[in-house]
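Comments concern the structure below.
Residue numbers count from 1 along this sequence.
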Amino acid sequence: SILIIGACGQIGTELTMALREKYGADSVIASDIREGSDSLMQSGPFELLDATDYAAIEDVVMHYEIEEVYLMAAMLSATAEKFPMRAWNLNMNSLFNILNLAKEKKITKVFWPSSIAVFGPNTPKEQTPQNTLMEPSTVYGISKQSGERWCEYYFNKFGVDVRSVRYPGLISWKTLPGGGTTDYAVEIYHKALEDKKYTCFLAEGTKLPMMFMDDAIRATISIMDADSDTLKIRSSYNLGAMSFGPEEIAASIKNHIPDFEMSYEPDFRQAIADSWPSSIDDSKASEDWNWKPEFDLEKTTKEMLANLGK
Ligand code: VAH
């Protein structure tokens, strides 16, 4: 069976649905620190689970005969700046718990998400390479960079089959994101439909690597399905789809809601966004496991407005 830790989060919710579709609901155990949406809770087995509690995770793994774990629980970039030590504790100890379960052969395969947040202010901003200077300036980015080092270490030292991608900002409609700097790209669609206006917390021209959730879920399943030998990178793969600033989403929305109005009031999250790349070179993911994105900004806007507008 498969265990998803952090199943109620922005990625976890959709990942759980996709994996239940693929493997059958009863083979996919969802877990989180709190209950999730009705559709998630009614779609298959659920366990309340603290990702930092090794013994509790071990109990669930033994009880359900779990073979694979997707560790989707983390404190994201904006919230992590407010609670650095809680973020470090959650983001790192949850990873150590899963890597150690794999080292003890209690599970056989791990997915762990990294992020473009591993890059810092002096990383090349355009077409950021897979291997480059990485001096993250956020707590979240430091935890993801450190997590990547540990994943590679456990693969090399103990043969742990852990796989990872550096997600860009993710846009989705099924679940609201929690505490990210790229959350503006989700909020804007909700506000466009509710109020026909949005005050953006990032400045015009803040170009960031972004991706529609359907692409992110497909990439996650694809790297987990890949033959182990083809994965040359065991820290985390760059993953890209599109890059744009808030003004480009606003223009794309105006094609559908002509009187939509956008205004800008940058807050503390601007400094976080400014430390990240503008676009990502994900050629290694394409070479090693045939990654190819399908959603551009126009398709994303259509999907978001159609589904939120129902
Ligand atoms: C965040 N959505 O904003 C996450 C992600 C690249 C952004 O890591 O913190």
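- Side chains of Thr301 and Tyr189: a donor on one and an acceptor on the other come within 3.5 Å.
- A 4.5 Å side-chain heavy-atom check between Asn290 and Ser222 finds every atom pair outside the cut-off.
- Using a cutoff of 4.0 Å between basic side-chain nitrogens and carboxylate oxygens, Lys299 and Glu294 are not scored as salt-bridged.
- Gln130 places a side-chain N or O within donor-acceptor distance of the main-chain N or O of Ser236, the cut-off being under 3.5 Å.
- Thr230 approaches Asp227 most closely through the heavy-atom pair OG1-O, 2.6 Å.
- Here the closest non-hydrogen pair linking Asp281 and Pro129 is CB-CA, 4.3 Å.
- Minimum heavy-atom separation, Phe295 to Asp215: N-OD2, 2.9 Å.
- Remark: Lys109 NZ is packed, more than 12 non-hydrogen atoms of other residues, nucleotides or ligands lying under 6.0 Å away.
- With sequence neighbours left out, Arg149 forms a side chain to side chain donor-acceptor pair (under 3.5 Å) with Glu152.
- In this structure, Ile249 CD1 and Glu247 CD are separated by 9.0 Å, a value rounded to the nearest 0.5 Å.
- Although no hydrogens or angles enter the test, the distance criterion places a donor-acceptor pair under 3.5 Å between the side chain of Asn97 and the main chain of Asn93.
- For Asn307 (side chain) and Lys174 (main-chain N/O), no donor-acceptor pair under 3.5 Å exists by modelled atom type.
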Next on the checklist: Would Phe46 and Asp32 count as a side chain to side chain contact (heavy atoms under 4.5 Å, CB included) here? Give the steps.
Outcome noted: CA-CA 8 Å; Phe46 178 86; Asp32 207 307; 4.2 Å; yes

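- Interatomic distance, Leu297 CG to Glu248 CD, rounded to the nearest 0.5 Å: 7.0 Å.
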Checklist entry - Could you go step by step and tell me if Glu68 and Arg163 meet the salt bridge (Lys or Arg N to Asp or Glu O under 4.0 Å) rule? => result CA-CA 11 Å; Glu68 298 185 14; Arg163 302 165 186 215; over 6 Å; no

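- The side chain to side chain donor-acceptor pair (under 3.5 Å) test applied to Ser43 returns Arg20, not counting sequence neighbours.
- Between the CD1 atom in Ile217 and the CG atom in Leu19 there is a gap of 8.0 Å [rounded to 0.5 Å].
- The distance from the CG atom of Asn156 to the CZ atom of Phe158 is 10.5 Å, given to the nearest 0.5 Å.
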Next on the checklist: Would Ile11 and Thr175 count as a side chain to side chain contact (heavy atoms under 4.5 Å, CB included) here? Give the steps.
Outcome noted: CA-CA 8 Å; Ile11 307 173; Thr175 319; over 6 Å; no

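- Residues Lys207 and Glu126 have side chains in contact (heavy-atom distance under 4.5 Å, counting atoms from C-beta outward).
- With hydrogens and angles left out, the side-chain atoms of Ser164 and Glu148 include no donor and acceptor closer than 3.5 Å.
- Formation of a donor-acceptor pair under 3.5 Å by the Lys106 side chain with backbone atoms of Asn100 is not found in this model.
- Cluster annotation: Ile66 and Leu101 are assigned to the same hydrophobic cluster (Ile/Leu/Val/Met/Phe/Trp/Tyr, side-chain heavy-atom contacts under 4.5 Å, transitive).
- Residues Ser1 and Tyr64 come closest through the heavy atom pair OG-O, 3.0 Å.
- Note on Ile272 and Phe244: same hydrophobic cluster, where clusters join Ile, Leu, Val, Met, Phe, Trp and Tyr whose side-chain heavy atoms are under 4.5 Å apart, directly or indirectly.
- The main-chain N or O of Ile142 is never found under 3.5 Å from a side-chain atom of Ser146 such that the two would form a donor-acceptor pair.
- For Ser279 (side chain) and Gln127 (main-chain N/O), a donor-acceptor pair under 3.5 Å exists by modelled atom type.
- Among all heavy-atom pairs drawn from Ser94 and Asn91, the shortest one is OG-O, 3.3 Å.
- Under the 4.5 Å side-chain heavy-atom criterion for ILVMFWY residues, a single connected hydrophobic cluster contains both Ile57 and Met92.
- Exactly one of Thr300, Ile171, Ile280, Leu239 qualifies for a side chain to side chain contact (heavy atoms under 4.5 Å, CB included) with Met211. That residue is Leu239.
- Grouping the Ile, Leu, Val, Met, Phe, Trp and Tyr side chains by contacts below 4.5 angstrom, directly or via other members, places Leu95 with Val110.
- Heavy atoms from other residues, nucleotides or ligands lying under 6.0 Å from CH2 of Trp88 number more than 12.
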Checklist entry - Which is it for Met17 and Ser39 under the side chain to side chain contact (heavy atoms under 4.5 Å, CB included) test, yes or no, and what are the steps along the way? => result CA-CA 9 Å; Met17 306 295 197; Ser39 58; 3.5 Å; yes

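- Screening Val118, Thr182, Thr123, Thr128 against Trp276 for a side chain to side chain contact (heavy atoms under 4.5 Å, CB included) leaves a single residue, Thr182.
- Remark: Glu261 CD is loosely packed, at most 12 non-hydrogen atoms of other residues, nucleotides or ligands lying under 6.0 Å away.
- Atom NZ of Lys197 is surrounded by 12 or fewer heavy atoms from other residues, nucleotides or ligands within 6.0 Å.
- The neighbour count for Glu265 CD, taken as heavy atoms of other residues, nucleotides or ligands under 6.0 Å away, does not exceed 12.
- Put simply, the side chain of Glu47 never gets that close to the backbone of Ile29: no donor and acceptor are under 3.5 Å apart.
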Checklist entry - Hey, mind stepping through His256 and Lys302 against side chain to side chain contact (heavy atoms under 4.5 Å, CB included) and telling me if it holds? => result CA-CA 8 Å; His256 303 267; Lys302 278 202 188 88; 3.7 Å; yes

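- What you find for Gly179 and Leu76 is that their closest heavy atoms are O-CB, 3.5 Å.
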Next on the checklist: Please evaluate residues Trp291 and Tyr237 with respect to the criterion ring-ring contact (aromatic ring centres under 6.0 Å, His included), reporting the C-alpha separation (whole Å), side-chain torsions for both, the decisive distance (0.1 Å), and the verdict.
Outcome noted: CA-CA 10 Å; Trp291 165 244; Tyr237 278 89; over 10 Å; no

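- Within the 4.5 Å cutoff, the side chain of Asp183 has no heavy atoms near those of the Arg269 side chain.
- Residue Lys284 qualifies as open at atom NZ: its count of foreign heavy atoms under 6.0 Å is 12 or below.
- Between Arg234 and Asp161 there is a salt bridge, with a side-chain nitrogen of the basic residue lying less than 4.0 Å from a carboxylate oxygen of the acidic one.
- Other residues, nucleotides and ligands contribute over 12 non-hydrogen atoms within 6.0 Å of the CD atom of Glu194.
- Of the inter-residue distances, the one linking Glu81 atom CD with Thr79 atom OG1 reads 10.0 Å to the nearest 0.5 angstrom.
- Within 6.0 Å of atom CD in Glu298, more than 12 heavy atoms from other residues, nucleotides or ligands are found, so the atom counts as buried in its surroundings.
- Here Lys144 contributes atom NZ and Ser235 contributes atom OG; the two are 13.5 Å apart, rounded to the nearest 0.5 Å.
- Using a distance-only test at 3.5 Å, with no hydrogens or angles considered, a donor-acceptor pair links the side chain of Thr108 to the main chain of Glu67.
- Aromatic ring orientation, Phe111 versus Tyr70: tilted (interplanar angle from 30° to 60°).
- Residues Trp112 and Val69 share a hydrophobic cluster, clusters being chains of Ile/Leu/Val/Met/Phe/Trp/Tyr side chains in contact below 4.5 Å.
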